[in-house]
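So the structure is just underneath, and the comments pick up after that.
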Amino acid sequence: MMSDSIWDPLVEELASRQRADRKVELWLRDDDAVDPTPALDRLLDLTGEFAVPVTLAVIPALTDGKLVGRLDKTPHATVAIHGWAHRNHAPENQKKQELGPHRPRGVVLDDLARGLSRVTGLHGARAVPMLVPPWNRIDAGLISDLGSIGFAALSVYGPPKPASLAVVNSNVDIMDWHGTRGCRDHGLLVQAIVAQLQHAFDGGEPVGLLTHHLAHDESAWLFLERLFAVTAQAEACAWLPISTLIGRGPGKGK
Ligand SMILES: [Zn+2]
């Protein structure tokens with residue numbers, strides 16, 4: 001299986017890191033968890049099999065104790081706060097946003113404080129005080145207030161910008177949202193991961209993989225299985241829990 005040539009660039013990158021005695025750091029964020037489902041079981045089983053820690057961005061207003069019961073059996077899963085209700089407040093001709101400038105900032109911050117309180121109340125120590133804005137978008141003017149309502153970290157998509165709290169972004173989204181709405185081409189994904197690893201080499205930023213278990217087709221599951229098989233057996237590679245990354249402190253940006 002691993003002789004597939006599309007995986008060679010990643011295998012080679014990991015081998016060259018090993019020769020240089022340098023580590024590759026990855027982390028996994030999966031969005032939109034609410035309830036236990038067969039797709040969530042599949043994600044938790046797959047990550048468990050390869051000992052990959054997973055951070056589930058949970059939608060506070062829509063979740064309850066059923067998810068708590070499922071995750072109690074899953075020590076490698078942590079939960080983060082995915083906005084409040086994943087509801088769009090932007091006009092129809094704009095990109096979707098729950099945390100944009102469309103409502104008074106106090107109203108948005110109240111939603112976020114309620115979300116943090118709800119998820120922490122349900123999940124206890126499994127919850128990390130990290131905000132994952134729905135659609136990866138948040139009004140930049142709100143970020144400096146996140147610390148005062150209890151958040152220690154923010155995770156969006158793309159290169160990190162300087163902030164007063166830890167910023168642990170995702171960089172590679174496996175889904176083709178604007179095309180097939182299935183998994184992106186595996187070869188292109190491997191190239192994107194390798195490019196991100198090389199970009200991260202000097203700055204030491206980890207590479208964040210973004211998944212959406214409820215939207216995965218078979219190709220997405222197959223990609224994850226192969227990625228875990230390639231990386232989990234590489235000595236130069238570590239899949240890190242989010243608490244380790246948040247512990248490194250405020251985002252410096254690049
Ligand atoms: Zn989402």
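Note that these values count all heavy atoms, side chains included, but never hydrogens, waters or copies made by symmetry.
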Hey, could you give me the [atom1]/[atom2] distance between [X] and [Y], rounded to the nearest 0.5 Å?
{"X": "Ser170", "Y": "Asp30", "atom1": "OG", "atom2": "CG", "result": "11.0 Å"}
{"X": "Leu14", "Y": "Gln233", "atom1": "CG", "atom2": "CD", "result": "9.5 Å"}
{"X": "Thr74", "Y": "Asp41", "atom1": "OG1", "atom2": "CG", "result": "8.5 Å"}
{"X": "Cys237", "Y": "Leu10", "atom1": "SG", "atom2": "CG", "result": "7.5 Å"}
{"X": "Ser16", "Y": "Gln198", "atom1": "OG", "atom2": "CD", "result": "7.5 Å"}
{"X": "Asn88", "Y": "Glu98", "atom1": "CG", "atom2": "CD", "result": "9.0 Å"}

Within the distance-only criterion (no hydrogens, no angle test), does the side chain of [X] pair as donor or acceptor with the backbone N or O of [Y] below 3.5 angstrom?
{"X": "Thr47", "Y": "Leu43", "result": "yes"}
{"X": "Thr120", "Y": "Ala127", "result": "no"}
{"X": "Arg126", "Y": "Pro75", "result": "no"}
{"X": "Asp176", "Y": "Cys183", "result": "no"}
{"X": "Asn171", "Y": "Gly208", "result": "yes"}

Validation row: [X], [Y] side chains within 4.5 angstrom (heavy atoms):
{"X": "His102", "Y": "Gln97", "value": "yes"}
{"X": "Trp7", "Y": "Leu227", "value": "yes"}
{"X": "Val172", "Y": "Leu189", "value": "yes"}
{"X": "Asn136", "Y": "Leu210", "value": "yes"}
{"X": "Thr78", "Y": "Pro53", "value": "no"}
{"X": "Val167", "Y": "Lys161", "value": "no"}
{"X": "Ile6", "Y": "Asp185", "value": "no"}
{"X": "Leu116", "Y": "Ile149", "value": "no"}

Show your reasoning for whether side-chain contact (heavy atoms from CB on, under 4.5 Å) applies to His123 and Leu67.
CA-CA 9 Å; His123 288 275; Leu67 184 62; 4.1 Å; yes

Report yes if the distance between the aromatic ring centroids of Phe50 and Trp239 is under 6.0 Å, otherwise no.
no

Counting only heavy atoms not in Asp21 (residues, nucleotides, ligands), do more than 12 fall under 6.0 Å from its CG?
no

Does a salt bridge link Glu25 with Arg248, judged by any charged N lying under 4.0 Å from a carboxylate O?
yes

Does this structure show an ion pair linking Asp45 with Arg42, if we count only N-O contacts that are shorter than 4.0 Å?
no

Out of Val119, Val79, Leu122, which residue meets the side-chain contact (heavy atoms from CB on, under 4.5 Å) rule with Pro60?
Val119

Hey, mind stepping through Leu209 and Arg29 against side-chain contact (heavy atoms from CB on, under 4.5 Å) and telling me if it holds?
CA-CA 6 Å; Leu209 193 76; Arg29 194 186 104 197; over 6 Å; no

Listing request: all ring-ring contact (aromatic ring centres under 6.0 Å, His included) pairs with a residue in residues 136-189, at least two apart in sequence or in separate chains.
Trp177-His212, His186-Phe223

Which pairs with one or both residues in residues 65-98 pass ring-ring contact (aromatic ring centres under 6.0 Å, His included), sequence neighbours excluded?
His82-His86, His86-Trp135

Going only through I, L, V, M, F, W and Y residues with side-chain contacts under 4.5 Å, is there a path from Val128 to Leu44?
no

Using residues 137-146 as the side-chain source, report each donor-acceptor pair under 3.5 Å to any protein atom, sequence neighbours left out, with the distance given to one decimal.
residue : atom : partner : partner atom : Å
Arg137  : NH1  : Lys96   : O            : 2.8
Asp139  : OD1  : Gly141  : N            : 3.4
Asp145  : OD2  : Arg105  : NH2          : 2.2

